[in-house]
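All remarks here apply to the structure that follows.
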Amino acid sequence: MSTAPNQSKKNTIVSIQKKADSQIPITMLTAYDASSAALTDAAGVDMILVGDSLGMVMLGYQTTLPVTMEDMLLHCRSVARSVETALLVGDLPFMSYQISKEQALTNAGRLIQEGGMDAVKLEGGRQRAESIRAIVEAGIPVMGHIGLTPQSVNQLGGFRLQGKSAAAARQLLEDALILEDSGCFSIVLEMVPAQLAGYISDRLKIPTIGIGAGAGCDGQVLVYHDLLGLFNRPKLKFVKKYLDLYPLILQALQEYINDVRGGTFPAAENATSMPEEEWQAFLSLMNE
Ligand code: KIV
């Protein structure tokens, strides 16, 4: 009997590129823990991103800036343990790759070796070319990320649309071409005008994955919690809520609290009992 893991179902950067070449739209979702990753994988998504958005979604920060390598590794490991098929992409957090290409390579290696990821993602354009080359040369697939790059929120002046002027659009196209040339297997385009995202996608051979970038990209990514409506906050324009779970979960939690307080939970069917003779024997023991 073979003890080798069944790798036949596993998505790879080669199967992702094949999809793009065949013009089959690529799907990607974030997941940050074992249960959301198992569900996302069972649904058949092509790629799972353990995004540093976990800082805002799971850890309660206002931005992704405080997220550390240790935070990322904890969540990457829990996702990796419960996924069989999806290609796993782990985000390099703020200041884990900006200092030098050596630092970028070391931390990319940690996401693969310690976090169980198949690929890494990092933010930024031409200024990342050298680090991307070093990571790719070590055999680690890299996903680029341009447009709105949340780790630069303070420099960008907020979470806002990028590439609106002709000059900014040209810069973004140049960045995308440089990232492709540096060896990225795919690029996230976040909050980029739809015409520009479509134009960039047509110019690149590698697939683009859009978020707030319209339908012209080769694939789409959404944050799991946004898609399921797990937050009680106004929906962002580019998000489609496929479920509105927040009020449903809130109601279920309130029913539980009311049931416990009202004595209707646990009911007889939620409890276990000892055989009657053992119970009687126990009571006799207590009376000795
Ligand atoms: O961290 C994240 O979830 C991301 C996606 C929004 C692309 O980078």
Side-chain angles (χ1 to χ4, degrees), residues 5-20 24-59 64 67 69 71-93 96 107-123 135 140-145 150 184-190 206-213 217-230 238-243 245:
N6 178 8
Q7 292 284 320
S8 61
K9 300 203 301 180
K10 180 76 184 172
N11 293 338
T12 64
I13 63 166
V14 176
S15 61
I16 297 296
Q17 180 67 50
K18 273 192 191 147
K19 276 204 165 178
I24 299 170
I26 297 160
T27 56
M28 179 158 158
L29 278 170
T30 65
Y32 313 110
D33 60 19
S35 59
S36 60
L39 269 169
T40 310
D41 197 41
V45 77
D46 297 313
M47 295 193 274
I48 291 178
L49 171 65
V50 186
D52 64 350
S53 51
L54 68 82
M56 298 163 87
V57 175
M58 305 293 287
L59 307 180
T64 56
V67 176
M69 272 301 292
D71 294 330
M72 290 306 303
L73 286 168
L74 180 73
H75 288 274
C76 286
R77 282 195 290 265
S78 65
V79 167
R81 281 194 282 265
S82 46
V83 168
E84 287 178 11
T85 308
L87 181 83
L88 296 177
V89 183
D91 246 342
L92 282 163
S96 71
N107 285 322
R110 290 191 73 194
L111 288 186
I112 306 293
Q113 273 192 318
E114 298 172 45
M117 296 290 100
D118 303 312
V120 302
K121 177 166 84 58
L122 52 79
E123 297 181 6
I135 300 171
I140 300 172
V142 178
M143 177 176 269
H145 182 161
C184 284
F185 76 95
S186 174
I187 301 177
V188 167
L189 300 178
E190 179 164 357
I206 57 172
T208 58
I209 308 294
I211 176 161
C217 296
D218 299 287
Q220 299 293 327
V221 57
L222 274 183
V223 169
Y224 180 87
H225 292 61
D226 289 340
L227 178 154
L228 295 177
L230 282 164
F238 62 81
V239 167
K240 179 168 172 186
K241 261 193 204 180
Y242 288 81
L243 276 176
L245 281 181

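The structure presented is a predicted model; accordingly, all values stated were derived computationally and were not measured.
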Query raised in the report: Hey, does the side chain of Thr64 reach the backbone of Ser53 with a donor-acceptor pair shorter than 3.5 angstrom?
Result: no

Requested in this report: Using atom types as modelled and distance alone, determine if a side-chain donor or acceptor of Thr208 lies under 3.5 Å from a backbone N or O of Ile187.
Outcome: no

Report summary line: Between Tyr242 and Leu222, the two heavy atoms sitting closest are CE1-CD1, 4.4 Å

Report task. Answer yes or no: is there a donor N or O on one side and an acceptor on the other, between the side chain of Thr27 and the main chain of Asp46, under 3.5 Å? Result -> yes

Report summary line: One should read off an interatomic distance between Ile26 CD1 and Lys19 NZ, to the nearest 0.5 angstrom, of 7.5 Å

Query - Any donor-acceptor pair under 3.5 Å from Lys10 side chain to Glu84 backbone - result: no

Query raised in the report: At what distance, to the nearest 0.5 angstrom, does CG of Leu111 lie from CG of Leu73?
Result: 5.5 Å

Report summary line: Correct closest heavy-atom pair for Gly144 and Cys184 would be N-SG, 3.7 Å

Query raised in the report: From His145 NE2 over to Leu49 CG, what is the distance, rounded to the nearest 0.5 angstrom?
Result: 9.0 Å

Report summary line: Looking only at heavy atoms, the pair that brings Val45 and Ala86 closest together is O-CB, 3.6 Å

Requested in this report: Decide side-chain contact (heavy atoms from CB on, under 4.5 Å) for Ile209 and Met47; before the verdict, give the C-alpha distance in whole Å, the side-chain angles of both, and the deciding distance to 0.1 Å.
Outcome: CA-CA 11 Å; Ile209 308 294; Met47 295 193 274; 3.7 Å; yes

Requested in this report: Before giving the answer on side-chain contact (heavy atoms from CB on, under 4.5 Å), spell out for Leu87 and Phe185 the whole-Å C-alpha distance, their side-chain angles and the decisive distance to 0.1 Å.
Outcome: CA-CA 12 Å; Leu87 181 83; Phe185 76 95; 3.9 Å; yes

Report task. Classify the ring geometry between His225 and Tyr32 as parallel (under 30°), tilted (30 to 60°) or perpendicular (over 60°). Result -> tilted

Report task. Please round to the nearest 0.5 Å and tell me the distance separating atom CG of Asp226 and atom CD1 of Ile211. Result -> 7.0 Å

Query - Side-chain touch Val57/Tyr224, heavy atoms, less than 4.5 angstrom - result: no

Query raised in the report: Passes side-chain contact (heavy atoms from CB on, under 4.5 Å), Val120 versus Ile112? Steps please.
Result: CA-CA 8 Å; Val120 302; Ile112 306 293; 4.2 Å; yes

Query - Spatial distance of atom OG (Ser186) from atom CD1 (Ile16) [nearest 0.5 Å] - result: 8.0 Å

Requested in this report: Side-chain contact test, heavy atoms from C-beta onward, threshold under 4.5 Å: evaluate it for Met69 versus Glu114 and give yes or no.
Outcome: no

Query - salt bridge (charged side-chain N to carboxylate O under 4.0 Å, His left out) involving Asp91 - partner list, sequence neighbours excluded - result: Lys121

Requested in this report: Quick one: pull up OG in Ser96 and CG in Asp71 and give me the separation to the nearest 0.5 Å.
Outcome: 11.5 Å

Query raised in the report: Are the side chains of Gln220 and Pro25 in touch, meaning some heavy atoms are under 4.5 Å apart?
Result: no

Query raised in the report: Considering residues at least two apart in sequence or located in another chain, which fulfil the salt bridge (charged side-chain N to carboxylate O under 4.0 Å, His left out) criterion with Asp33?
Result: none

Report task. Quick one: closest heavy-atom pair of Ile135 and Ala108, and the distance? Result -> CG2-CB, 3.7 Å

Report task. Indicate the atoms forming the closest heavy-atom contact of Ala31 with Val79, along with that distance. Result -> O-CG2, 3.6 Å

Requested in this report: Spell out, as yes or no, whether a donor-acceptor pair under 3.5 Å connects the side chain of Asp218 to the backbone of Ala20.
Outcome: no

Query raised in the report: Ser15 side chain to Asn11 main-chain N or O, any donor-acceptor pair under 3.5 Å?
Result: no

Report task. Search all heavy atoms of Ala80 against all heavy atoms of Leu88 and return the closest pair with its distance. Result -> CA-CD1, 3.8 Å

Requested in this report: Take Met72 and Met117 through the side-chain contact (heavy atoms from CB on, under 4.5 Å) test and state the conclusion after the steps.
Outcome: CA-CA 11 Å; Met72 290 306 303; Met117 296 290 100; over 6 Å; no

